[in-house]
There are 2 protein chains.
Amino acid sequence: MESSSATSGASTRREATRQKLYEAAVTLIAEQGFSATTVDEIAERAGVAKGTVYYNFASKSVLFEELLRHGVGLLTASLREAAERTEKDGGTKVAALDAMIRAGLVFIDRYPAFTQLYVAELWRTNRAWQSTLLVVRQEAVAVVEDVLRGGIENGEFSEEIDVPLTAAALVGMVLVAALDWQAFQPERSLDDVHAALSRLLQGRVSGRP
Amino acid sequence: MESSSATSGASTRREATRQKLYEAAVTLIAEQGFSATTVDEIAERAGVAKGTVYYNFASKSVLFEELLRHGVGLLTASLREAAERTEKDGGTKVAALDAMIRAGLVFIDRYPAFTQLYVAELWRTNRAWQSTLLVVRQEAVAVVEDVLRGGIENGEFSEEIDVPLTAAALVGMVLVAALDWQAFQPERSLDDVHAALSRLLQGRVSGRP
DNA sequence: CTATTTGAACTGACTGGTCAGTGCAAAAAC
DNA sequence: GTTTTTGCACTGACCAGTCAGTTCAAATAG
């Protein structure tokens with residue numbers, strides 16, 4: 001009654017293969033894109049037979065959609081946790097944003113392929129998983145928006161800032177800087193990158209230190 | 001019929017079909033991605049025969065590579081022009097950055113499909129046009145880096161800022177904010193979006209106006 | 001303890017369809 | 001007369017998805 005024929009529980013074996021398939025798919029799709037990646041490749045990289053892919057997922061697109069949900073779930077959890085931790089410690093909203101920048105960098109550092117893939121697919125239209133993407137995007141950006149709104153309420157931020165736009169810009173700033181870091185200067189430390197973005201966030205670009 | 005006129009020695013007719021093919025390809029690839037877009041589709045959308053595509057371009061990838069070069073050429077020219085215009089008018093480096101943000105927004109507003117496609121392909125690896133992308137990326141980011149370095153030299157910016165990283169972050173900020181604007185709040189005006197990003201650039205997020 | 005049963009998990013050869021790229025003769029444009 | 005475009009049939013590679021058959025570990029029986 002434990003592993004097979006479990007009533008609602010996920011059999012361990014099955015979960016393990018799904019995990020292997022996620023890992024294989026995320027790398028390949030990040031490198032080549034969804035359409036250029038074949039199911040055979042994914043199966044081979046995961047070390048399973050092609051049939052297993054279809055035993056575990058209804059189709060190639062479904063595998064991809066579930067992969068997206070899974071990954072963004074991890075990201076938003078991590079962002080939200082960072083913001084809440086800072087606020088509980090009595091930090092300012094700027095400190096919360098800063099903590100979220102760091103959390104974002106940590107995430108991208110740990111899952112670079114997922115981030116790549118996410119950015120590459122985010123603004124495509126006319127695709128099967130469009131609706132999934134929209135939901136998933138909103139979840140991530142909403143975390144940042146919440147902090148911005150909180151900051152306006154308590155007077156820490158100007159009432160004139162445009163919440164959705166500023167949130168998107170901040171996300172973009174971190175995303176692109178981090179992808180560049182990974183792709184073109186991987187030797188830099190996370191602290192280094194974080195410091196540069198912190199400075200930009202706090203408007204300490206102009207003027208001497 | 002001869003609206004574009006003969007700019008260079010190339011035959012006008014040929015240039016016109018190439019232009020039509022660029023326009024058709026950029027939309028389709030932005031929507032669906034490179035691999036999911038077929039040559040037949042491109043030809044049909046451009047209103048030419050499939051054979052014409054191969055008469056004008058060696059292959060589907062070559063068409064795409066030339067499209068990339070063409071588009072990024074337009075972008076960098078526009079950015080550089082904005083920076084130089086501001087500097088000639090005796091503006092500060094911050095003003096130059098601001099002008100480039102606006103130029104970036106104008107470009108994205110005019111060529112949204114190209115921007116989409118560029119972002120989607122930029123961080124992919126293992127693709128045929130990888131080297132083209134690298135060159136083309138460097139050209140665009142370099143314009144921003146130059147302004148930052150100029151600002152450090154004349155004391156307007158802190159010596160501690162990390163030029164390549166800050167440049168990437170700024171590009172990302174504009175890119176992502178603009179794509180979000182296009183995709184999710186297209187009714188907003190360019191001035192509106194520009195104002196929000198300006199505020200972020202100048203660190204006027206915290207504090208009341 | 002060993003033998004047998006069960007069924008979820010997995011396999012990989014196979015199928016039907018798609019698509020990049022070719023070849024070419026004839027038409028159109030210049 | 002030359003360049004460019006057309007139309008269309010054709011090929012060969014590639015690929016998503018299928019399915020009949022196999023594996024194996026836990027459950028049950030003897």
Side-chain angles (χ1 to χ4, degrees), chain A residues 1-26 28-29 31-67 121 126-129, chain B residues 1-26 28-29 31-67 121 126-129:
Chain A
M1 191 84 124
E2 190 47 70
S3 71
S4 59
S5 81
T7 36
S8 70
S11 117
T12 311
R13 183 142 84 111
R14 195 164 177 180
E15 211 41 58
T17 33
R18 290 173 74 102
Q19 190 62 36
K20 278 196 292 183
L21 285 168
Y22 280 156
E23 274 159 29
V26 80
L28 289 166
I29 298 180
E31 281 172 1
Q32 308 175 323
F34 175 81
S35 307
T37 300
T38 69
V39 175
D40 287 285
E41 277 178 308
I42 297 174
E44 195 192 341
R45 166 94 53 122
V48 300
K50 188 180 192 175
T52 305
V53 177
Y54 286 93
Y55 182 78
N56 283 281
F57 299 96
S59 69
K60 187 185 168 187
S61 316
V62 168
L63 162 56
F64 182 59
E65 273 186 69
E66 297 196 10
L67 173 58
E121 294 295 336
N126 296 347
R127 304 224 80 172
W129 51 83
Chain B
M1 292 295 187
E2 237 149 277
S3 53
S4 55
S5 81
T7 32
S8 62
S11 131
T12 311
R13 185 149 75 112
R14 200 167 174 182
E15 212 42 58
T17 33
R18 289 173 72 102
Q19 189 64 37
K20 278 196 290 182
L21 283 169
Y22 281 157
E23 274 160 29
V26 81
L28 289 166
I29 297 179
E31 281 172 3
Q32 307 175 325
F34 175 82
S35 308
T37 302
T38 70
V39 175
D40 287 286
E41 276 178 309
I42 297 174
E44 194 193 342
R45 166 93 53 121
V48 301
K50 187 181 185 177
T52 306
V53 176
Y54 285 92
Y55 182 79
N56 284 282
F57 298 95
S59 68
K60 186 185 167 188
S61 314
V62 168
L63 161 57
F64 183 59
E65 272 185 71
E66 298 196 9
L67 172 58
E121 293 294 335
N126 298 346
R127 304 222 80 171
W129 50 80

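Proteins come first, then strands; the chains are lettered A, B, ... in the order of their sequence lines, and each starts at number 1.
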> Going by heavy atoms in the side chains, are Asn56(A) and Leu63(A) under 4.5 Å from each other?
Replying inline: no
> Side chains of Val62(B) and Glu66(B): does their closest heavy-atom pair fall under 4.5 Å?
Replying inline: yes
>> Taking the six-membered ring of Phe34(B) as reference, does the cationic atom of Lys60(B) (NZ for Lys, CZ for Arg) lie under 6.0 Å from its centre and within 45° of its axis?
In response: yes
>> Would you say the ring centers of Phe64(B) and Tyr22(B) fall short of 6.0 Å from each other?
In response: no
>> Does the protein touch nucleotides 5-23 of chain D at the base, only the backbone, or not at all? Give it as B, S and - per nucleotide, heavy atoms under 4.0 Å.
In response: BB--------SBBB-----
> More than 12 heavy atoms of other residues, nucleotides or ligands under 6.0 Å from CD of Glu44(A): is that the case?
Replying inline: no
